[in-house]
Amino acid sequence: MKQQLVQIAEAMGTRGKGILAADESSGTIRKRFEGIGVSSTEDSRRDYRELLFRTREALRDCISGVILFDETLRQSAADGTPLVQLISDAGSIPGIKIDKGAKDLAGAPGETVTEGLDGLRERLAEYYELGARFTKWRAVVDIGRGGGRSIPSAYCIGANAHALARMAALSQEQGLVPIVEPEVLMDGDHDIDRCFEVTEATLKQVYMALFHQRVLLEGSVLKPNMVLSGKLCSEQAGVDEVAEKTVRCLKRAVPSSVPSIVFLSGGQSDIEATAHLNAMNAASDTPWNLSFSYGRALQAAPLNAWGGRTENGPAAQAAFAHRARMNGLATEGRWSMELEPAAV
C-alpha cells in the first residue's frame, strides 16, 4: 500500500506536468456558465468537461492528474465512455474533491472550517472503486482587513489543520493519495509580508497535524497558495518578489519528503499564475517539484472559446492545450511572455 501511494504521488509530480482542477461545485460552475451565457445542466457540464478530457495531447504531455467533482466521477461521455476512462486513457490520473465546503467556525466570527469528515471512509472506498486514485480537500484561511491581527486565529488554523490531517490519513488508508490544500486567501488588503507570516504559520500547523496523524508524507501532495499581496493592497509585489518569498516560506515549513507542491491560482490571472510559477522554477533549487493545480487559470480561455457551442469545440481545445503547455513550460522555468501570442 505504501509503495503504491508513493508511486502515485510521484507520478502526480512528474516534471513538466501539473494538475487540472475540474472539481467546481454545481454552484461554482453555474456562475462560470452564466458568464458565457450557457445554462448549467448535467448534460452541458458533461459536454464541457468531456471537451477538456478529450484534448489528449494536453493531458498526455502536460497534465498528470485531474481533480473531479462527485457528479463528474460518475458520468459517461456522450458515446458512453466513462469520463474517468477518458482521463486514464490519455495517461492522466483521476482524482476526486472530497470536502463539503467551508462552514462558519463556531465561536470564531468571520472564520470558517471545512466540513465533510462524517462518512468519509465509506465515500473514499466507493471513490476508489469508481476509479479515483487521489483526493483533494480545501481548507480556507482568511486574513483580517485594515491591519487587524485577530484573523486568522490559532483556533481557525488548528481546526482546519486537524481536518486536513484526518482526511489525509483516511485517504491513505483507502489507497488514495491526498492533496492537502490549505489556502490563505488573497482577497484582503494585507501586504505580501503579512501573507508570508500567515502562510508559514498555517503550513507549520498543517505538517504538525499530519505528523501526529501518521500521514505518509512521501505519499501526499501539497496544494498551497503562493505568497502574494492581497488584492486590495495598494502595493502589489512583483513577480520576482512573489517567487522568492513563496519559496523561502515553503522552505521554512514544508518537509523535503513531500514529493511535489502544486500551487492553486487563487484568483490570479492566467498570465500571473504562469509567470509566478516560472520565476520560482527558473531561480530556485528546491527539494520538491514545484508545479500547478489550476482551475480557472487553465479553464477561463477554453470556457470563453467554447461558449456552449459544439462548433467551437476545436477552438476551446486549442485554448486549453495552449494554457496547459505554457504552465508545463513554467514547471521547468522555460516559459516566457513571447510564447503567449501563440494562443489560438
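Just so you know, residue 1 is the first one in the sequence shown, and it goes up from there.
- The structure places OG of Ser76 at 9.0 Å from CG of Leu86, a figure rounded to the nearest 0.5 Å.
- Side-chain atoms of Arg74 and Tyr127, non-hydrogen and from C-beta on, do get closer than 4.5 Å to each other.
- A salt bridge is defined here as a Lys NZ or Arg NE, NH1 or NH2 lying under 4.0 Å from an Asp or Glu carboxylate O, and Lys245 with Glu200 fails to meet this definition.
- With sequence neighbours excluded, the residues that form a salt bridge (Lys or Arg N to Asp or Glu O under 4.0 Å) with Glu183 are Arg138.
- In the hydrophobic clustering, Val140 connects to Leu185, either directly or through intervening members, whenever side-chain heavy atoms lie under 4.5 Å apart.
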Checklist entry - So Arg296 and Asp270, side-chain contact (heavy atoms from CB on, under 4.5 Å) or not? Walk me through it. => result CA-CA 8 Å; Arg296 195 211 53 75; Asp270 299 0; 3.2 Å; yes
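- Leu73 is listed as a side-chain neighbour of Val84, based on a closest heavy-atom distance under 4.5 Å.
- For Arg194, the salt bridge (Lys or Arg N to Asp or Glu O under 4.0 Å) criterion is met by Glu197, not counting sequence neighbours.
- If you check the side chains of Ser40 and Arg45, you find a donor sitting under 3.5 Å from an acceptor.
- Panel note: side chain Glu111, backbone Ser153; a donor-acceptor pair is recorded below 3.5 Å.
- Remark: side-chain polar atoms of Ser284 are not paired, donor with acceptor, to backbone N or O of Thr286 under 3.5 angstrom.
- Annotation: salt bridge (Lys or Arg N to Asp or Glu O under 4.0 Å) contacts of Arg30 (sequence neighbours excluded): none.
- A donor-acceptor pair shorter than 3.5 Å can be found between the side chains of Gln299 and Glu24.
- Tested against Asp89, the residues Arg54, Arg60, Arg56 include a single side chain to side chain contact (heavy atoms under 4.5 Å, CB included) partner, Arg56.
- Other cluster members for Ile157: Val141, Ile143, Val184, Val198, joined by side-chain heavy-atom distances under 4.5 Å among Ile, Leu, Val, Met, Phe, Trp and Tyr.
- Thr135 has its side chain within reach of Leu124: a pair of non-hydrogen atoms, C-beta onward, lies under 4.5 Å apart.
- Residues Ile29 and Phe69 form no side-chain contact, since every pair of their non-hydrogen atoms from C-beta on lies 4.5 Å or further apart.
- When atom types are taken as modelled, the side chain of Ser25 and the backbone of Thr28 share a donor-acceptor pair closer than 3.5 angstrom.
- For Gln172, there are no side-chain hydrogen bond (donor to acceptor under 3.5 Å, both in side chains) partners two or more places apart in sequence or in a different chain.
- Judged by distance alone, the side chain of Asp104 and the main-chain N or O of Gly110 form no donor-acceptor pair under 3.5 Å.
- Take Lys97 and apply the salt bridge (Lys or Arg N to Asp or Glu O under 4.0 Å) test, not counting sequence neighbours, and it matches Asp99.
- Put simply, Ile67 and Met167 are part of two different groups of oily side chains (I, L, V, M, F, W, Y) that touch within less than 4.5 Å, one to the next.
- At a threshold of 4.5 Å between non-hydrogen side-chain atoms, the residues Leu210 and Leu164 do not count as touching.
- How far CG of Leu298 is from CD1 of Ile63: 5.5 Å, rounded to the nearest 0.5 Å.
- Within the hydrophobic cluster formed by Ile, Leu, Val, Met, Phe, Trp and Tyr side chains joined at under 4.5 Å, directly or through other members, Val113 is accompanied by Leu105, Tyr155.
- Remark: the Trp306 side chain and the Gln317 side chain contain no N/O donor-acceptor pair separated by less than 3.5 Å.
- The shortest side-chain heavy-atom distance between Met226 and Met186 does not fall under the 4.5 Å cut-off.
- Of the possible polar contacts, none joining the Thr246 side chain to the Ala243 backbone as a donor-acceptor pair under 3.5 Å is found.
- Within the 4.5 Å cutoff, side-chain heavy atoms of Phe53 are placed close to those of Leu68.
- The backbone N or O of Gly116 sits less than 3.5 Å from a side-chain atom of Arg123, completing a donor-acceptor pair.
- Ring pair Tyr48/Phe33 is perpendicular by interplanar angle, where above 60° counts as perpendicular and below 30° as parallel.
- When side chains are defined from C-beta on, Glu340 counts as touching His322, because their heavy atoms get closer than 4.5 Å.
- No hydrogens or angles considered: a donor-acceptor pair under 3.5 Å links the side chains of Thr274 and Arg323.
- Not a single ring-ring contact (aromatic ring centres under 6.0 Å, His included) links Trp137 to another residue, sequence neighbours left out.
- Criterion: ILVMFWY side-chain heavy atoms under 4.5 Å apart, direct or through other members. Under it, Leu20 and Leu303 are part of a common hydrophobic cluster.
- Checking Asn289 against Ser291 by side-chain atom types alone, no donor-acceptor pair falls below 3.5 Å.
- A donor-acceptor distance shorter than 3.5 angstrom exists from the side chain of Ser269 to the backbone of Glu272, with no hydrogens or angles considered.
- Panel note: side chain Ser92, backbone Ser88; no donor-acceptor pair is recorded below 3.5 Å.
- The closest donor-acceptor contact from the side chain of Glu332 to the backbone of Leu329 lies at 3.5 Å or more, if one exists at all.
- Here the straight-line distance linking atom CG of Leu228 with atom NE2 of His190 works out to 7.5 Å at 0.5 Å rounding.
- For Phe292, the ring-ring contact (aromatic ring centres under 6.0 Å, His included) partners two or more places apart in sequence, or in a different chain, are Tyr294.
- Listed by chain and number, the residues in a ring-ring contact (aromatic ring centres under 6.0 Å, His included) with Phe263 amount to none (sequence neighbours excluded).
- For the side-chain hydrogen bond (donor to acceptor under 3.5 Å, both in side chains) test, no residue two or more places apart in sequence or in another chain qualifies with Ser26.
- Between the side chain of Asn225 and the backbone N or O of Gly266 there is no donor-acceptor pair closer than 3.5 Å.
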